[in-house]
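Reviewing the structure listed below.
Letters A, B, ... mirror the listed sequences (proteins, then strands); counts begin at 1.
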Amino acid sequence: MTLRDGSRRELPQGATIRDLAQSIGKRLGEATVGGRIDGAPEILDFRTQLSRNCSVDVVTADSKDGLEVIRHSASHIMADAMLRLWPDAKLAIGPAIEDGFYYDIDLAHRITPEDLPRIEEEMAKIIAANTAFERCRVDRNAEIGRARERADVYKAELMEGLPEDAEVTFYRHGGGSFEDLCRGPHVPSTGYVKAFKVQRIAGAYWRGDEKNRMLQRIYGTAFFNKKELEEHLARIEEAGKRDHRKLGRELGLFFLDPVAPASPFFLPKGTQLYNRLQQHMRELYRRHGYQEVITPQVFDVELWHRSGHYANYKDNMFFTTVDERECAVKPMNCPAHTFIYATEKRSYRELPLRIADFGRLHRYERSGVTSGLTRVRTFCQDDAHIFATPDQIQSEITSLIGMIREVYGLFQFTEMKVFLSTRPENSVGSDEIWERAEAGLAEALKANGINFTVNVGDGAFYGPKIDFVVSDALRRDWQLGTIQLDFTLPERFDLGFVAADGSTQRPVMIHRAILGSIERFIGILIEHTGGNFPFWLAPEQVRIISIADAHVAWATEVASALAAAGVRTNTDFSNAKTGAKIRDARLARVPFTLVVGGRECEDRTVAVRERPDVDRGVMSLSAVQELFLELERNKA
RNA sequence: GCCGACGUAGCUCAGCGGUAGAGCAGCGGUUUCGUAAACCGCAGGUCGCGGGUUCAAUUCCCGCCGUCGGCUCCA
């Protein structure tokens with residue numbers, strides 16, 4: 001066998017992954033929970049027999065892959081615990097997921113939060129017993145019969161979904177007291193699950209289909225050790241503190257009200273942030289050859305029939321009747337931009353034509369899916385449509401990737417994942433057009449040296465897309481930017497340009513957004529920064545605090561000078577104690593606090609304090625002005 | 001939309017079949033203070049909305065609306 005590090009080992013015929021690990025060291029043997037053979041993606045059971053001349057990656061409990069095995073085993077243990085508490089429960093599925101695991105069960109008893117500690121107690125007993133996870137091959141048809149007899153419909157259905165000749169395996173623990181249909185792998189024994197928590201209850205449809213019965217889903221998580229579990233739980237708690245809905249209220253940025261469900265009201269501070277972001281994008285547009293337009297809000301429904309939105313998107317649209325004409329509020333800007341394009345006969349010399357629009361969009365979202373700023377019914381995107389010749393696609397996408405990297409870097413989103421989404425079921429356009437578009441995007445990504453994952457069937461109805469997903473400070477993923485290629489709308493709206501040879505040709509449309517929606521981006525930014533926006537974005541950049549009434553005159557002079565220089569300044573001349581005013585400024589996440597007391601009045605200076613807790617010492621008025629202008633210039 | 005939980009003062013939360021409470025914020029006053037909360041007082045609520053049960057409902061039941069956690073969907 002060959003090991004990951006390239007070393008080779010000889011083992012007797014029939015040796016398993018674990019034997020191999022044992023032969024290297026006793027501790028490695030014990031830590032082994034599975035393995036990979038010949039670089040295959042699946043993790044195999046540690047009992048898997050090795051064939052001759054294979055290469056093996058040993059998966060140990062403390063690795064990332066091992067964690068997946070631990071979590072999967074924890075989900076079995078949780079299922080066992082629930083069956084002990086409610087013997088009539090029917091098990092559906094229980095996989096390991098990103099941050100833990102879940103198990104879907106069908107149970108007459110409504111599980112309540114009070115039940116969770118009971119489930120944990122049962123699980124602890126099962127783990128303390130430390131019984132082996134045994135793997136057994138079973139006869140598919142016999143097991144389907146057995147499951148049907150017990151009315152174990154979910155397992156029966158799962159097995160029926162497997163091919164006739166599939167190898168069907170069960171995993172047992174507790175000496176056979178619990179068994180479950182499962183491909184595995186699992187840890188050697190229940191005692192390997194050393195740190196777990198049962199977290200919450202949710203509803204979930206069987207097989208994710210809302211036509212099916214709703215099951216009860218119990219979420220939990222497990223880690224290699226207690227310390228990692230604690231860290232994870234602490235991160236969840238920190239995320240709760242940074243929740244943009246909570247900070248949005250505390251910082252006076254925005255609020256929501258039932259009079260307009262899922263439609264945020266932006267307060268003056270939130271609006272400042274909103275406008276500053278837009279202003280930044282406009283600066284970027286100026287450098288990249290974009291032209292901004294303003295387009296209507298409500299259109300005759302005929303437009304949406306023509307664009308394909310009515311057929312493919314009407315469930316997400318708002319309709320209204322005006323002068324007996326049926327109209328729809330725009331959910332996207334693209335059809336309007338085809339009209340902008342078509343106002344003139346276009347020459348190839350004008351292309352690429354880049355049309356940007358901060359138009360307000362409305363999309364009807366089902367009541368259960370809306371959330372804070374991240375999923376709303378009215379929003380605006382940093383939207384633009386690029387009308388280009390087919391051979392300009394590559395260079396436009398390359399330039400877009402550059403813009404995207406620049407913008408995300410500015411907000412310190414350092415990790416970026418890229419997804420290429422292909423043709424969905426509901427779509428318009430010919431196979432040939434789709435193939436060309438998908439290949440075009442893939443090529444452009446490759447040309448830019450970008451690693452990407454393909455999401456089959458996840459494209460927009462008019463074209464394939466590239467999505468850009470960033471990781472925030474708490475390692476949560478958010479989709480921001482998108483680039484969508486569209487050969488269909490230009491056809492539907494019969495757009496053309498005159499080529500160099502005098503022939504009329506069809507342009508391609510590139511739909512693109514970098515921040516995504518401004519609303520959602522603000523929500524993400526609040527959580528990413530915990531409300532500590534960079535100086536250039538902060539709604540209130542500086543707060544000036546007087547120590548006593550005698551200092552108000554000089555403090556006012558400082559405030560006026562800064563305000564005149566364009567710095568967003570507030571004053572706190574209330575009769576509270578200095579400590580209390582400092583505290584208020586901190587809680588408001590104001591980047592700079594200038595304290596003015598007797599000494600400062602005398603020297604005509606200010607005492608500068610920078611968030612989070614840096615004393616910048618005493619500075620002259622001109623020095624702080626220079627500092628702030630510098631920060632603004634550098635977008636720091 | 002579906003499953004579950006929740007909805008009490010501007011905010012965070014307590015209470016509970018018998019006239020609704022705290023802290024913070026707000027307002028008035030005292031204090032003029034040097035880097036994370038001075039002190040005293042006042043005011044603030046048809047207990048989400050509608051119906052039902054009851055002598056009596058914020059409390060129990062039903063419906064609706066909204067919020068939260070998920071499912072599905074998605075910028």
Among [options], the nucleotide that comes nearest once only the side chain of [X] is considered:
X	options	answer
A/I582	B/A75, B/U35, B/U72	B/U35
A/M214	B/A37, B/G70, B/C33	B/G70
A/R200	B/A75, B/G70, B/C3	B/G70
A/V369	B/A75, B/G34, B/G1	B/G1
A/V595	B/C73, B/C33, B/U35	B/U35

Nucleic acid contacts of residues 236-248 of chain A, taken as heavy-atom distances under 4.0 Å to RNA chain B: A/R245
Say you pick atom [atom1] in [N] and the same atom in [M]; how far apart are they, in whole Å?
N	M	atom1	value
B/G66	B/U53	P	28 Å
B/G52	B/G44	P	31 Å
B/A25	B/C47	P	26 Å
B/G4	B/G45	P	36 Å
B/A14	B/C6	C1'	16 Å
B/U67	B/C33	P	50 Å
B/U8	B/G48	C1'	10 Å
B/U19	B/G15	C1'	15 Å

Base of [N], side chain of [X] - is there a donor-acceptor contact under 3.5 Å?
X	N	answer
A/E250	B/A25	no
A/R110	B/C3	no
A/Y205	B/G1	yes
A/R366	B/U72	yes
A/Q199	B/G70	no

How close or far is atom [atom2] of [N] from atom [atom1] of [X], stated in whole angstroms?
X	N	atom1	atom2	result
A/Y462	B/A75	OH	C1'	10 Å
A/R217	B/C2	CZ	P	19 Å
A/K211	B/C73	NZ	C1'	13 Å
A/I545	B/C33	CD1	P	16 Å
A/R207	B/C71	CZ	C1'	16 Å
A/M619	B/U35	CE	P	20 Å
A/D209	B/C3	CG	P	15 Å
A/E365	B/C68	CD	C1'	17 Å

Comparing A/N316 and A/R609 on RNA chain B - which has the more 5′ nearest nucleotide: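 Nearest-nucleotide comparison on RNA chain B picks A/R609.
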Residue closer to the 5' end of RNA chain B, A/V596 versus A/Q484 (nearest nucleotide): A/V596
Under 3.5 Å, is there a donor on one side chain and an acceptor on the other for [X] and [Y]?
X	Y	result
A/T482	A/D467	yes
A/Y219	A/R217	yes
A/T295	A/K330	yes
A/H109	A/D115	yes
A/W206	A/E157	yes
A/H385	A/N333	no

Give [X] one of three labels, base, sugar-phosphate or nothing, depending on what nucleic acid heavy atoms sit under 4.0 Å from its own.
X	result
A/G523	nothing
A/G579	sugar-phosphate
A/R249	sugar-phosphate
A/G481	nothing
A/A513	nothing
A/A607	base
A/Y219	sugar-phosphate
A/E600	base
A/G597	base
A/T370	sugar-phosphate

Test log, rule ring-ring contact (aromatic ring centres under 6.0 Å, His included), inputs A/H511 and A/Y462: CA-CA 10 Å; A/H511 308 238; A/Y462 45 76; 4.4 Å; yes
Parallel, tilted or perpendicular: rings of A/Y313 and A/F461 (30°, 60°):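 The rings of A/F461 and A/Y313 sit tilted, inter-plane angle from 30° to 60°.
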Ion pair A/R616/A/E610, N-O distance below 4.0 Å: yes
Complement of [N], any strand, by Watson-Crick or G-U distances under 3.5 angstrom:
N	answer
B/C60	B/G52
B/C6	B/G66
B/C71	B/G1
B/C33	none
B/G26	B/C42

Enclosure of A/R213 CZ (heavy-atom neighbours >12, cutoff 6.0 Å):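 No, not enclosed.
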Does [N] have its OP1 or OP2 closer than 4.0 Å to a side-chain nitrogen or oxygen of [X]?
X	N	answer
A/Y313	B/C74	no
A/T578	B/C33	no
A/R213	B/C2	no

A/F379-B/A75 aromatic stacking (under 5.5 Å, under 30°):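 A/F379 ring centre within cut-off of B/A75 base, planes near parallel; stacks.
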Geometric cation-pi criterion A/R71 and A/F223, 6.0 Å radius, 45° cone: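 Output yes; distance and angle both within limits.
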Nearest atoms (heavy-atom pairs only) where A/P331 meets A/H309: CG-CD2, 4.4 Å
